[in-house]
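Each remark here refers to the structure printed beneath this line.
Please read all numbers here as calculations on a predicted model, not as lab measurements.
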Amino acid sequence: MASSHTGKVRYVCIDMPHPPRQNWSTLRVRPLAERRSLTSIHDILVDPDSAPAPVSADAAIRARECADSVRRARDRNAGIVLMFGAHLLRNGAAPLIDRMMQRGWLTHLATNGASTIHDWEYAFAGKSTESVEENVSTGTFGGWDETGRHIHLALLTGSLRGEGYGQALGRYIAEDGASLPSADELARWISSEPRHALTSARASLLQAMLRFGIPGGALPVPHAFKETSVLARAFVREVPFTVHPGIGYDIIANHPMFDGAVIGRAAGADFRLFGDSVATLDGGVVISAGSAIMAPQVFEKSLSAVNNLRLAHGKPAISGLSIFVVDLQDGGAWDWTRGEPPRTNPAYYLRFCKSFRRMGGAMRYVQADHVAFLHHVCRELC
């Protein structure tokens with residue numbers, strides 16, 4: 001350990017006990033156009049005016065119940081939150097979500113990092129998805145330059161405005177790129193206002209620009225298919241869209257520009273924004289479609305934080321909430337309307353059911369294809 005003193009501030013330098021042995025800044029990436037993409041927007045997008053795919057009788061009943069709950073929530077100006085995983089977009093639900101936003105049936109969207117990668121790639125290239133099995137063995141899985149580069153640049157430039165992940169990337173797509181300050185401007189801001197709330201964001205962008213030779217000024221990035229982007233449509237329609245990623249979960253971690261601080265800063269802003277929408281859920285609705293981990297984990301923490309603040313101000317906890325959880329799995333063959341299964345039952349360990357069942361609202365589990373279910377709900381409402 002070495003230490004030094006400068007005035008009244010003591011700086012301590014501690015040697016890292018386990019320094020990284022690999023230089024990930026030398027990761028090789030390839031143009032996205034070289035990837036064999038498995039899905040195309042021309043093949044997957046679901047027309048909201050088409051007939052929905054058939055679902056079970058129980059799922060059809062639940063879809064009508066969900067639509068009725070959404071109508072009641074809107075009548076009382078309560079929140080209507082859609083939380084979803086990547087497969088919802090990968091399987092073509094973007095037009096359904098946009099239709100529901102357009103008609104005022106959704107007040108908040110929330111997703112994971114993988115979903116935004118598909119959304120950006122569809123907007124930029126019109127195609128997405130790769131073979132994990134084939135590409136991991138060749139070291140190319142996730143190693144696509146434009147995807148990692150532009151998502152990072154979107155978050156870096158958005159952070160200068162204090163934006164979270166969803167708004168920053170939605171703006172980047174909708175506005176076809178961004179404008180960057182010069183490295184000299186960033187350095188002046190940092191040195192003249194070191195205590196500014198955005199100093200760390202400015203420093204992250206400055207380091208990225210210096211490391212990767214990114215000039216200041218206009219950065220045009222055409223998104224030829226941006227009308228298919230849920231991020232862009234939410235940005236244009238001013239519907240809050242939050243992103244809740246994990247560090248190392250998504251392919252952008254396999255890019256030389258990867259910066260956990262950038263991801264964390266954007267996700268942290270979005271978690272707080274998500275809480276604002278959770279606070280509107282008295283008599284509201286949450287639809288969790290195909291999200292076994294992100295949705296239940298993020299929702300339970302946010303709901304607890306919101307209740308903490310409400311109770312501290314003498315207000316009651318959130319109540320009257322309707323929750324519809326949709327997935328292909330059978331829910332552990334347990335009737336969740338009966339309550340929680342015992343610990344000896346495997347269904348007890350299904351987080352996407354158990355966590356939402358504990359949130360104090362009426363939870364309904366629906367075994368169905370989530371795109372088909374949402375299509376049925378959309379048809380009932382729109």
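Between the side chains of His223 and Trp120, at least one donor-acceptor pair of N or O atoms lies under 3.5 Å. Checked by atom type, the side-chain pair Thr116/Tyr165 shows a donor-acceptor distance below 3.5 Å. Looking at Asp327 and His370, their side chains never bring a donor and an acceptor atom within 3.5 Å of each other. Side chains of Ser25 and Asn23: a donor-acceptor N/O pair is present below 3.5 angstrom, by distance only. Residues Glu130 and Asn135 bring a donor and an acceptor atom of their side chains to less than 3.5 Å of each other. Counted by atom type alone, Ser40 and Tyr122 present zero donor-acceptor pairs between their side chains at under 3.5 Å.
Its side chain outside the 4.5 Å cluster rule for every partner, Ile61 clusters with none of the Ile, Leu, Val, Met, Phe, Trp and Tyr residues. Alongside Leu328, the hydrophobic cluster contains no other residue (criterion: ILVMFWY side chains under 4.5 Å). Clustering of Ile, Leu, Val, Met, Phe, Trp and Tyr side chains at separations under 4.5 Å places Tyr349 together with Tyr348.
Placement of Leu273 and Leu82 in two distinct hydrophobic clusters is found when ILVMFWY residues are connected by side-chain heavy-atom separations under 4.5 Å, directly or transitively. Tracing side-chain contacts under 4.5 Å through hydrophobic residues (I, L, V, M, F, W, Y), one reaches Leu381 starting from Leu106; they form part of the same cluster. Both Ile151 and Phe212 are part of a single hydrophobic cluster, where members link through side-chain heavy atoms under 4.5 Å apart.
Taking the charged nitrogens against the carboxylate oxygens, Glu300 and Lys354 have no contact shorter than 4.0 Å, which rules out a salt bridge. A salt bridge between Lys226 and Asp176 is present, with a side-chain N of the basic residue lying under 4.0 Å from a carboxylate O of the acidic one. Classification of Glu163 and Arg171 as a salt-bridged pair holds, one side-chain N sitting under 4.0 Å from a carboxylate O. Look at Asp282 and Arg310 and you find a salt bridge, because one of the NZ, NE, NH1 or NH2 atoms lies within 4.0 Å of a carboxylate O, short of that distance. A salt bridge does not link Glu146 with Arg149: none of the charged nitrogens is closer than 4.0 Å to a carboxylate oxygen. Remark: Glu340 engages Arg358 in a salt bridge, criterion side-chain N to carboxylate O under 4.0 Å. Salt bridge status for Asp49 with Arg379: absent, with no side-chain N to carboxylate O gap under 4.0 Å. Using a 4.0 Å cut-off between a side-chain N of Lys or Arg and a carboxylate O of Asp or Glu, Asp335 and Arg338 do not qualify as a salt bridge.
Ring planes of Tyr365 and Phe352: tilted class, angle from 30 to 60°. Ring pair Trp336/Trp334 is perpendicular by interplanar angle, where above 60° counts as perpendicular and below 30° as parallel. Note on ring orientation: taking the six-membered ring where Trp is involved, the planes of His150 and Tyr172 are tilted (angle from 30° to 60°).
Residues passing the side chain to side chain contact (heavy atoms under 4.5 Å, CB included) test with Ser304, sequence neighbours excluded: none. With sequence neighbours excluded, the residues forming a side chain to side chain contact (heavy atoms under 4.5 Å, CB included) with Ser200 are Arg265, listed by chain and number. Residues meeting the ring-ring contact (aromatic ring centres under 6.0 Å, His included) test with Phe141, sequence neighbours left out: none. A search for side chain to side chain contact (heavy atoms under 4.5 Å, CB included) contacts involving Asp98 returns Met101, Arg233, Arg237, not counting sequence neighbours. By the ring-ring contact (aromatic ring centres under 6.0 Å, His included) test, Phe373 pairs with no residue at all, sequence neighbours left out.
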Identify all side-chain donor-acceptor contacts of residues 88-96 below 3.5 Å with residues at least two apart in sequence or on another chain.
residue	atom	partner	partner atom	Å
Arg90	NH2	His87	NE2	3.1
Asn91	ND2	His87	O	3.3

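To the nearest 0.5 Å, the span separating CG on Asp250 from OG1 on Thr147 amounts to 11.5 Å.
The ring-ring contact (aromatic ring centres under 6.0 Å, His included) pairs that include a residue from residues 35-65 are His42-Phe225, where partners are two or more places apart or lie in different chains. Applying the salt bridge (Lys or Arg N to Asp or Glu O under 4.0 Å) rule to pairs touching residues 188-204 yields Glu193-Arg202, sequence neighbours excluded. Evaluation of the ring-ring contact (aromatic ring centres under 6.0 Å, His included) test over residues 264-314, restricted to residues two or more places apart or in two chains, returns His108-Phe274, His244-Phe274, Phe299-Phe356.
Both tests hold for Arg74 against Trp105: distance to the six-membered ring centre under 6.0 Å, angle to the ring axis within 45°.
Val29 and Pro256 make their closest contact through CG1-CD, 3.6 Å (heavy atoms, listed as atom of the first residue, atom of the second, distance). The minimum heavy-atom distance linking Arg357 with Gly339 is given by the pair NH2-CA, 3.2 Å. Nearest approach of Ala63 to His376, heavy atoms of both residues: CB-CB, 3.8 Å. Between Gly148 and Ile252, the closest heavy-atom pair is CA-CG2, 3.7 Å. Between Asn112 and Met294, the closest heavy-atom pair is N-CE, 3.9 Å.
Two residues are said to be in side-chain contact when any heavy atoms from C-beta on lie closer than 4.5 Å; Met363 and Cys353 meet this criterion. Residues Leu303 and Ile318 have side chains in contact (heavy-atom distance under 4.5 Å, counting atoms from C-beta outward). Contact check for Arg30 versus Thr140: side-chain heavy atoms found under the 4.5 Å cut-off.
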